[in-house]
Amino acid sequence: MDKEKTCCFTGHRPDKLPWGFDESDPRCVRLKRSIAQAVEDACAAGCRRFISGMARGCDLYFAEAVLELQRAEREIALECARPCETQADGWPEEEQARYWSILDRCSFETMVQHNYDRFCMMRRNRYMVDHSGRIIAVYNGVPQGGTFQTLTYALKKGLETRILDLEDFCQ
């Protein structure tokens with residue numbers, strides 16, 4: 001698949017979201033709408049493949065937005081890039097069910113490596129950026145963590161970038 005027609009995503013996990021795990025919070029609902037709009041905009045710009053790293057929080061919101069758009073735009077594909085086989089093993093049962101449901105519905109998945117090590121998330125993030133021409137990011141502006149590192153790497157690689165500033169959803 002053409003990199004220029006591929007869009008990856010990076011964003012925060014629930015512990016860095018002001019609403020945590022409460023997805024019924026109006027701020028979270030607004031963020032999910034903005035993610036869905038960013039996905040639609042990327043599709044309108046020619047993206048046909050979308051890559052999610054499948055982490056809890058924003059990655060799953062993104063994957064679900066792509067799957068929803070796929071119902072109308074059948075030619076788009078969701079790739080789930082898993083950092084390792086055990087990614088969701090320690091998650092609560094409900095979150096694991098959500099994770100496996102997304103994997104069951106995705107177009108294909110990529111296992112970056114089989115076993116967990118402390119660098120597998122970084123390798124997954126680099127895989128996504130290296131195979132994309134565009135990135136959507138939900139970012140809180142803090143210069144540390146995986147979202148910051150992925151966004152920095154994407155900017156260095158010259159990806160077209162759309163940042164959804166988390167502060168815009170905290171009003």
Side-chain angles (χ1 to χ4, degrees), residues 6-36 38-39 49-70 77-132 135-154 159 162-167 169-170:
T6 302
C7 176
C8 65
F9 179 84
T10 189
H12 299 298
R13 292 181 175 91
D15 62 313
K16 291 190 178 174
L17 301 174
W19 52 85
F21 289 92
D22 182 7
E23 293 182 38
S24 66
D25 185 294
R27 298 168 296 179
C28 183
V29 173
R30 284 196 310 272
L31 175 61
K32 285 182 174 185
R33 274 198 305 261
S34 292
I35 290 171
V39 168
R49 181 173 78 166
F50 295 85
I51 309 173
S52 172
M54 295 299 289
R56 294 169 83 185
C58 292
D59 282 16
L60 297 185
Y61 305 167
F62 172 78
E64 289 168 339
V66 173
L67 289 170
E68 184 60 33
L69 182 60
Q70 195 177 46
L78 173 63
E79 176 182 356
C80 294
R82 296 172 60 196
C84 62
E85 289 178 1
T86 59
Q87 180 179 18
D89 284 4
W91 298 5
E93 195 173 306
E94 184 178 300
E95 286 289 298
Q96 285 188 34
R98 183 181 194 180
Y99 176 87
W100 290 108
S101 172
I102 292 168
L103 284 173
D104 286 344
R105 294 177 287 150
C106 76
S107 306
F108 57 99
E109 70 179 84
T110 300
M111 184 75 62
V112 175
Q113 63 187 59
H114 289 284
N115 298 311
Y116 173 83
D117 69 29
R118 64 191 197 116
F119 299 110
C120 67
M121 305 298 176
M122 181 196 68
R123 286 186 192 102
R124 183 261 331 262
N125 296 341
R126 288 191 171 220
Y127 165 84
M128 293 190 309
V129 169
D130 289 344
H131 290 84
S132 299
I135 189 169
I136 298 168
V138 172
Y139 180 51
N140 65 6
V142 177
Q144 62 185 18
T147 300
F148 169 73
Q149 292 169 356
T150 304
L151 191 51
T152 299
Y153 185 65
L159 270 65
R162 175 141 178 209
I163 298 173
L164 303 175
D165 185 342
L166 191 55
E167 290 301 311
F169 303 94
C170 294

**Message:** The test is side chain to side chain contact (heavy atoms under 4.5 Å, CB included); show your working for T152 and Q149 and say whether it passes.
**Reply:** CA-CA 5 Å; T152 299; Q149 292 169 356; 5.7 Å; no
**Message:** Working to the nearest 0.5 angstrom, can you tell me the gap between T150 OG1 and N125 CG?
**Reply:** 3.0 Å
**Request:** State which residues pass side-chain contact (heavy atoms from CB on, under 4.5 Å) with D89; sequence neighbours excluded, sorted by chain then number.
**Result:** T86
**Message:** How long is the straight-line distance from CE of M128 back to SG of C7, given to the nearest 0.5 Å?
**Reply:** 10.0 Å
**Request:** Check R27 against P18 and note the closest heavy-atom contact, atom names and distance.
**Result:** NH1-CB, 3.7 Å
**Message:** Within the 4.5 Å heavy-atom criterion, are V129 and R126 side-chain neighbours or not?
**Reply:** no
**Item:** Side-chain donor or acceptor of R105 paired with backbone N/O of S101 under 3.5 Å
**Value:** yes
**Message:** For a quick check under 3.5 Å, do T6 and E79 share a side-chain donor-acceptor pair by atom type?
**Reply:** no
**Message:** Are L159 and Y153 packed together at the side-chain level, in the sense that at least one heavy-atom pair is separated by less than 4.5 angstrom?
**Reply:** no
**Message:** Minimum heavy-atom separation for T10 and T147, please, with both atom names.
**Reply:** OG1-CA, 3.5 Å
**Message:** Ring-plane angle category for F148 and Y139, please: parallel below 30°, perpendicular beyond 60°, tilted otherwise.
**Reply:** parallel
Donor-acceptor pairs under 3.5 angstrom involving side-chain atoms of residues 51-63: please list them, not counting sequence neighbours.
unit_1	atom_1	unit_2	atom_2	d
S52	OG	M54	N	3.2
S52	OG	D59	O	3.1
D59	OD2	M54	N	3.3
D59	OD2	A55	N	3.1

**Message:** Less than 4.5 Å apart, side chain to side chain, heavy atoms only: is that true for R98 and W91?
**Reply:** no
**Asked** Is there side-chain contact between I102 and L78, with at least one heavy-atom pair below 4.5 Å?
**Response** yes
**Message:** So, taking the atom named CD in E64 and the one named CD in E23, what distance separates them when rounded to the nearest 0.5 Å?
**Reply:** 7.0 Å
**Message:** What I'd like to find out is whether the side chain of C120 reaches to under 4.5 Å of the side chain of V112, using heavy atoms alone.
**Reply:** no
**Message:** Tell me the closest heavy-atom pair linking A81 and R124, and the distance in Å.
**Reply:** O-CG, 3.4 Å
**Request:** Supply the atom-to-atom distance R82 CZ to E109 CD, rounded to the nearest 0.5 angstrom.
**Result:** 5.0 Å
**CG on L103 to CZ on F108, rounded to 0.5 Å** = 12.5 Å
**Message:** Side chains of R30 and S34: any donor to acceptor distance under 3.5 Å?
**Reply:** no
**Message:** Under a 3.5 Å distance rule, please check whether R13 uses its side chain to pair with a backbone N or O of K16 as donor and acceptor.
**Reply:** no
**Message:** Between I35 and I136, is there a side-chain heavy-atom distance shorter than 4.5 Å?
**Reply:** no
**Fill in**
CZ of F169 to CG of D25, rounded to nearest 0.5 Å, is 12.5 Å
